[in-house]
Number of protein chains: 2
Amino acid sequence: MFESSTIKDIARALNLSTSTVSRALRDSYEISAGTKKLVMDYAQQVNYRPNPNALSLKERRSKSIGIVVSEVANHYFSQAINGIESIANSRGYTVIITQTHESVERERTNVQHLASRSVDGLLISLSAETNDVSHLEQLHERGLPIVFFDRVPERINTYKVIADNAQGAYEATNHLIQSGFKKIAHISSSGHLSISIERLTGYTQALHENGLSINPEHIKNCPHGGMIQDEVETAVKELLSLQDKPDAIFVAGDRLTMGCMHVLKKLNMLNPTMIAIAGFSNSDVLDLFNPPITSVFQPAFDMGQLATEKLLELIEAKFPVTEFDREILHTRLYIR
Amino acid sequence: MFESSTIKDIARALNLSTSTVSRALRDSYEISAGTKKLVMDYAQQVNYRPNPNALSLKERRSKSIGIVVSEVANHYFSQAINGIESIANSRGYTVIITQTHESVERERTNVQHLASRSVDGLLISLSAETNDVSHLEQLHERGLPIVFFDRVPERINTYKVIADNAQGAYEATNHLIQSGFKKIAHISSSGHLSISIERLTGYTQALHENGLSINPEHIKNCPHGGMIQDEVETAVKELLSLQDKPDAIFVAGDRLTMGCMHVLKKLNMLNPTMIAIAGFSNSDVLDLFNPPITSVFQPAFDMGQLATEKLLELIEAKFPVTEFDREILHTRLYIR
DNA sequence: AATGTTTTCGGCAACGTTTGCGTAAATTAA
DNA sequence: TTAATTTACGCAAACGTTGCCGAAAACATT
């Protein structure tokens, strides 16, 4: 159907051998200037492009990397993807993006699929459901380069790129406290996720340092990170029906923040006099809200770039890398 | 580095020929039941996965399709991508997503790259800058299956999947009129885009039918579809400084709508008593705004699905397809 | 003129897979 | 028992590319 010319075609047309054509195109020293020009001109003319599948087969690498995120509609991830692409493309790599929609099942199939597609490496942020990472451990042990970002597992020893979630959460919670709120609740994604744990740490630290006690009832988890709106709605409603009703909520995620606001809107309580909100979000629409929402902004683009650089380092390493670090990037509080 | 077992390995281990193994795995009738079981069990055991590159090389197809959109951060596109993935994955295809960020230059390189990556087909929504589609025409003439969606070119004869932009624009404009606004401006993306033309048609029709005259000064274009915020800011400010100052704006795009609101917010005019807004958008955060924004919702997911079905129809066609249609899906006005 | 060196190119194998063809062995038919 | 047929498998080529090895031609050295 869609045929493009091959090195063989060129060889036939020019009455040369395929090896000569191959070398001429790669500007090898053992080909005369005349032949080189002949070949290159002709290749240009017929718009020759090397077949990447043949290359991959031969070189045993595909020059592609797989990305696994929750969903591209999340501004944090879309910005991270932009960062990933900027590095990957400039280094000649194609990226294949897959979405888990926070389902561990889809994470497994995506990872399986990417691996069997023979990507050279994987860039992953775990799904909210993911507790058991054995599917990734296997691949990692078999030598597939993997770099985790944002939501990282404890167990697997490789590069990890994360934001300073504790610090970000601390600042956001502290901001709410400084703004005069005293009873601050916390809604977070799945409790076992690294980001949830770290953000919870920041939250509790802020309360502590301000001499506020922590009410366990004020801490809610949504196991599907906001993908299931019912979970968010239940969490918010439970908070609101508490005897010790909170006057503010620190929400630990982009999608969760939106979900939370939808619930409050529905309850006609989207108003800081009713209940205030601060969240983790990379969306710039937050300041269009009335009232605008203070949020912790993560350097998503930079994180994507850094993670990709680390991954390419692994992929292109001459010798197996055994020493890995954990890069922690600073967040920034947008006070609105 | 990351080696997986091949048919050869299995053959060697089982003392069989590669052809026997291959046939056994494909459950060929010319292999005895015993051998089949032997092979399949062993393949299972070593977690054999066929090498996709070898397959692609042999079958001359990659079982992958390329997607070209402006940016995944746009809710219309992210939803369309979900639709595309749902069909593509269920049919065994991998999707490679690329973003133009509304630049025709990036569109060219992306398309080039995808073509040389030997995708089996392309799913494209043109960038705002794209006027000349010769880079796509070339590939299309050489036989690469292409389906356009959302922003489609006039010239290239293939399947096209679009929303009823004129109708959507008509309804949104009409809604503003029915809400009592009399002087309705229009901010749109690049003027040559199909969506811009169609939405302009709906806008003018609504004004006409309501006996309102059309002021050319009320119609503004942003050649980069909102990617360059300065363009949006200039457009809005020009509208506001007009003698015949509009009392409402119909904004023809997701990103443009957000951009527009940011400008108004900055000018402290984000208020329907100052100026009202209705837009094209698939984002669900619009009703979190105060005041909420009425918007035209496109069936993005369905459009993605339909476009993919059409593309796979082209890819898997036995004979060249010459008859193409233009699928038009209905929009829905969310009155907020 | 004979030998040694370059220069320039072709042949072949290999990457992992499928498939048409060939063919021993096993089975059936005569 | 012999011939015809079926069963079950192996061989080799092909997809597009590169790299090793070999070799003809051109040139340089005695």
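Since we're looking at a predicted model, the values are computed, not measured.
- Atom C1' of nucleotide D:dG10 and atom CG of B:Leu16 are separated by 10 Å, given to the nearest angstrom.
- Using a cutoff of 4.0 Å between basic side-chain nitrogens and carboxylate oxygens, A:Lys310 and A:Glu327 are scored as salt-bridged.
- Residues A:Val119 and A:Ile65 are not in side-chain contact: their nearest non-hydrogen atoms beyond the backbone lie 4.5 Å or more apart.
- Using a 4.0 Å heavy-atom criterion, one finds that A:Thr35 contacts the sugar-phosphate atoms exclusively.
- Salt-bridge formation is detected for the pair B:Glu102/B:Arg151: a Lys NZ or Arg NE/NH1/NH2 atom is positioned less than 4.0 Å from an Asp or Glu carboxylate oxygen.
- Straight-line distance from the CD1 atom of A:Ile31 to the C1' atom of C:dT6: 14 Å, rounded to whole Å.
- A salt bridge does not link A:Lys63 to A:Asp120: none of the charged nitrogens lies less than 4.0 Å from a carboxylate oxygen.
- Distance NZ (A:Lys36) to P (C:dT8): 9 Å, rounded to an integer number of Å.
- Atoms CG (A:Asn15) and C1' (C:dT8) sit 16 Å apart, rounded to a whole Å.
- The CG atom of B:Leu14 sits 10 Å away from the P atom of D:dG10 (whole-angstrom rounding).
- Residues satisfying the salt bridge (Lys or Arg N to Asp or Glu O under 4.0 Å) criterion with B:Asp9, sequence neighbours excluded, are B:Arg12.
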What one-letter contact string describes nucleotides 16-27 of chain C from 5' to 3', where B marks a base within less than 4.0 Å of any protein heavy atom, S marks contact via sugar-phosphate atoms alone, and - marks no contact? BBBBB-------

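- For residues 129-140 of chain B, every residue pair satisfying the salt bridge (charged side-chain N to carboxylate O under 4.0 Å, His left out) rule, not counting sequence neighbours, is listed here: B:Glu137-B:Arg155.
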